[in-house]
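All ligand and atom numbering here is 1-based and tracks the order in the structure. Heavy-atom basis, side chains included; hydrogens, waters and symmetry copies ignored.
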Amino acid sequence: MQAERTALIQKAAAALKNARYPLFLSGAGISAESGIPTFRGEEGLWKNFRAEDLATPEAFRRDPALVWEWYNWRKGIIRSKEPNAAHHAIRLIAEKLPQLMCVTQNVDGFHTLAGLPDILEMHGNIFRARCLVCGGVHEMRDAVEVTTPCPACGEARLRPDIVWFGESLPKNILHAIYDRLRVCDAILVVGTSGSVYPAAGFAVEVRRREGYVIEINVEEGHKPYAHDIYLRGKAGEILPQIAELI
Ligand code: BV8
Ligand code: ZN
């Protein structure tokens with residue numbers, strides 16, 4: 001059992017090392033060991049709200065104070081936690097594999113906090129706010145209220161700088177990812193349920209081009225893509241082992 005497991009981890013490390021255009025994608029699972037609730041785990045309900053109900057432009061139009069309360073609550077939790085061994089391991093892997101492109105669905109900023117220099121935050125960042133009047137984007141680590149004025153234009157029309165359900169992703173980020181997907185020969189997918197698009201389609205695309213799909217997750221669950229290597233377990237335990245072998 002153990003020997004089999006070690007062989008799989010060695011195979012994953014070799015596939016990443018030998019890839020010309022590797023891609024890394026993380027989801028909420030990579031921050032679970034930091035104590036950040038995931039979206040769909042048993043404790044995944046964020047304060048009894050489903051992300052699909054609050055992370056939408058409609059919810060914000062209907063009740064901006066509630067949506068800001070929810071994000072302020074999440075910011076408070078995230079501020080009190082820190083990156084875990086998985087975040088530090090992927091930073092190490094990226095140092096060893098400069099050709100690795102890193103993308104995250106997470107908005108907690110933990111990859112940057114762990115020292116990863118280049119990470120595409122495809123769904124935005126919970127510590128940034130965007131002004132609906134002047135378009136200014138500002139780092140705002142503390143709570144934001146509906147009355148909080150925009151640091152640039154002074155208008156109190158700020159929204160979280162986050163991609164909500166039904167909203168398109170930032171074009172530059174999407175183009176960078178699709179440029180990579182066209183040539184990607186190995187994708188490492190860590191801690192995602194593969195339930196939200198377009199992120200869930202990335203491994204499908206790599207597989208379609210006969211690229212190598214490596215999955216690290218505590219549960220196999222239904223995914224819209226097959227994997228060549230499935231490493232069952234915690235990201236904080238498996239990623240450091242891969243980092244050591246690269
Ligand atoms: C868009 C920010 C164009 C918010 C988030 C087809 C094509 C395009 C769009 C769609 C489509 N079909 C449907 C859509 C619409 C929608 C969508 O996908 N809906 C779903 C519900 C079906 N997509 C969109 O709206 C996207 N926009 O495509 O624009 C467009 C525009 C209009 C109409 C159509 C198309 C935008 C989606 C972005 C939403 N924003 N986040 C916020 O955070 O508040 S999504 C949010 O949930 C996360 O960011 C993440 O992306 C997503 C999924 O969560 P996961 O990260 O996977 O976390 P989850 O809890 O689900 O799973 C955790 C996993 O970790 C589990 O598997 C668990 O086993 C594992 N795990 C736990 N612990 C560990 C672990 N693994 C390892 N180690 C551990 N220790
Ligand atoms: Zn403004």
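Nearest heavy atom pair, residue L54 against residue A59, reads O-CB, 3.6 Å. When all heavy atoms of G236 and N84 are compared, the closest pair comes out as CA-OD1, 4.4 Å.
Residue N106 places no N or O, backbone or side chain, under 3.5 Å from any N or O of ligand 1. Considering backbone and side-chain atoms alike, H123 places an N or O below 3.5 Å from some N or O of ligand 1. Of the polar atoms of A28, at least one N or O is found under 3.5 Å from an N or O of ligand 1, judged by distance alone. At least one N or O atom of A235, backbone or side chain, sits closer than 3.5 Å to an N or O atom of ligand 1. At under 3.5 Å, not a single nitrogen or oxygen of L169, backbone or side chain, sits near a nitrogen or oxygen of ligand 1. Below 3.5 Å of separation, one finds no N or O of A55 facing any N or O of ligand 1. Geometrically, ligand 1 and G191 share a nitrogen or oxygen pair separated by less than 3.5 Å.
When the options F39, Y197, W70 are ranked by their closest heavy atom to atom 9 (C) of ligand 1, first place goes to Y197. Compare I36, V107, L25, T192 by their heavy atoms: the one nearest to atom 55 (P) of ligand 1 is in T192.
By the criterion of a heavy-atom distance under 4.0 Å, the side chain of R74, and not its backbone, is placed next to ligand 1. The proximity of E33 to ligand 1, defined as any non-hydrogen pair under 4.0 Å, is limited to the side chain. Here I162 has side-chain heavy atoms under 4.0 Å from ligand 1, and that is the only part of it that gets that close.
D228 places none of its side-chain heavy atoms less than 4.5 Å from the side chain of I214. Between P240 and I242 there is no side-chain heavy-atom pair separated by less than 4.5 Å.
Looking at S34, its side chain never comes within 3.5 Å of a backbone N or O of I36 through a donor-acceptor pair. Judged by distance alone, with hydrogens and angles left aside, the side-chain atoms of W68 form a donor-acceptor pair with the main-chain N or O of L158 at under 3.5 Å.
Residue contact annotation: A51 has no non-hydrogen atom under 4.0 Å from ligand 1. Contact analysis puts G233 in contact with ligand 1, with a non-hydrogen atom separation below 4.0 angstrom. Proximity of A199 to ligand 1 is not established, as no heavy-atom distance is less than 4.0 Å. Residue G221 places every heavy atom at 4.0 Å or more from ligand 1.
Note on ring orientation: taking the six-membered ring where Trp is involved, the planes of H227 and Y230 are parallel (angle under 30°, cut-offs 30° and 60°). Taking the six-membered ring where the residue is Trp, Y178 and F202 present perpendicular rings, their angle passing 60° and hence far from 30°.
E219 has no carboxylate O lying under 4.0 Å from a charged side-chain N of K234, or vice versa, which leaves the two without a salt bridge. Ion pairing of R207 with E205 is absent here, as no side-chain N (NZ or NE/NH1/NH2) approaches a carboxylate O to less than 4.0 Å. Using a 4.0 Å cut-off between charged side-chain N and carboxylate O, E95 and R91 make a salt bridge.
Listed by number with element, the atoms of ligand 1 under 4.0 angstrom from any heavy atom of Y71 are 4 (C), 42 (C), 44 (O). Atoms of ligand 1 lying under 4.0 Å from at least one heavy atom of V196, given by number and element, are 18 (O), 37 (C), 47 (O), 52 (C), 53 (C). Near G27, with a cut-off below 4.0 Å to any heavy atom, the atoms of ligand 1 are 56 (O). The distance from ligand 1 to the heavy atoms of E167 drops below 4.0 Å at these ligand atoms: 1 (C), 26 (C), 27 (N), 29 (O), 36 (C). Each of the atoms 28 (O) of ligand 1 lies under 4.0 Å from some heavy atom of P198. Close contacts between ligand 1 and A32 involve ligand atoms 73 (N) [criterion: under 4.0 Å to a heavy atom]. Interface atoms of ligand 1 facing G166, defined by a heavy-atom separation under 4.0 Å, are 24 (C), 25 (O), 31 (C), 32 (C).
Taking CG of L23 as the reference point, atom CD1 of I177 lies at 7.5 Å (rounded to 0.5 Å).
Tested against S31 for a side-chain hydrogen bond (donor to acceptor under 3.5 Å, both in side chains), the candidates H111, H87, K81 yield a single pass: H87.
Other members of the hydrophobic cluster containing F165, listed by chain and number, are V196; membership follows side-chain contacts under 4.5 Å among ILVMFWY residues, whether direct or relayed. In this structure, V183 shares a hydrophobic cluster with Y21, the cluster being traced through Ile, Leu, Val, Met, Phe, Trp and Tyr side chains under 4.5 angstrom apart.
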Less than 3.5 Å apart, which donor and acceptor atoms pair up between the side chains of residues 120-137 and the rest of the protein, not counting sequence neighbours?
residue, atom, partner, partner atom, Å
E121, OE1, N125, ND2, 3.3
E121, OE2, N125, ND2, 3.1
H123, ND1, Q105, O, 3.2
N125, OD1, F127, N, 2.7
R128, NE, D161, OD2, 2.7
R128, NH2, D161, OD2, 3.2
R130, NH1, D161, OD1, 2.9

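At a cut-off of 3.5 Å, with distance as the only test, no side-chain donor of H222 or S195 sits close to an acceptor on the other residue.
Around the Zn ion (ligand 2), protein N, O or S atoms at less than 2.8 Å comprise C131 SG, C134 SG, C150 SG, C153 SG.
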